[in-house]
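Step one of this worksheet: look at the structure below.
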Amino acid sequence: MEERAVKLIVKIKMSLHEKVRLKYEINILKNLIHPNIVRLIEVFEDKNYIFLVTELCNGRELFEEI
């Protein structure tokens with residue numbers, strides 16, 4: 001079994017414009033396969049949340065490295 005990361009996005013705090021932009025970005029990420037970009041595995045959605053399942057990247061926070 002592979003470990004995955006899940007990002008939770010609260011939909012009720014998003015404007016319509018933000019929701020449209022997020023859907024657009026999700027569609028791009030679903031089809032993007034590159035060794036230097038975290039792969040989007042699956043997307044789940046309910047009334048209040050969007051769940052993005054991605055590859056798990058072990059290590060430190062990106063912002064700590066920058």
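Remember, it's a predicted structure, so these values are computed and weren't measured experimentally.
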Any residue meeting side chain to side chain contact (heavy atoms under 4.5 Å, CB included) with K11, in chain and number order, not counting sequence neighbours:
K19, E45, I50
Could you check whether any side-chain heavy atom of L52 comes within less than 4.5 Å of a side-chain heavy atom of L40, counting everything from C-beta outward?
yes
For the CG atom of L32 and the NZ atom of K30, what is their distance to the nearest 0.5 Å?
13.5 Å
Test item: V43 and V53 side chains (from C-beta on) under 4.5 Å apart, heavy atoms
no
Do N58 and E3 have side-chain heavy atoms sitting under 4.5 Å apart?
no
For I33, the other hydrophobic cluster members (4.5 Å side-chain criterion, sorted by chain and number) are none
Honestly curious: do Y49 and L22 fall in one hydrophobic cluster under the side-chain, below-4.5 Å linking rule?
no
Carboxylate-amine/guanidinium proximity below 4.0 Å for E2 and R4:
yes
Indicate yes or no: at least one non-hydrogen side-chain atom of T54 is less than 4.5 angstrom from one of K7.
no
N48/V10 under side-chain contact (heavy atoms from CB on, under 4.5 Å): CA gap, chis, key distance, verdict:
CA-CA 6 Å; N48 298 315; V10 181; 5.9 Å; no
Residues in side chain to side chain contact (heavy atoms under 4.5 Å, CB included) contact with I28, at least two apart in sequence or another chain
Y24
Would you say I41 and F44 are hydrophobically clustered, going by side-chain heavy atoms of ILVMFWY under 4.5 Å?
yes
Under 4.5 Å between side-chain heavy atoms, hopping through other hydrophobics if needed: is there a path connecting L29 to F51?
no
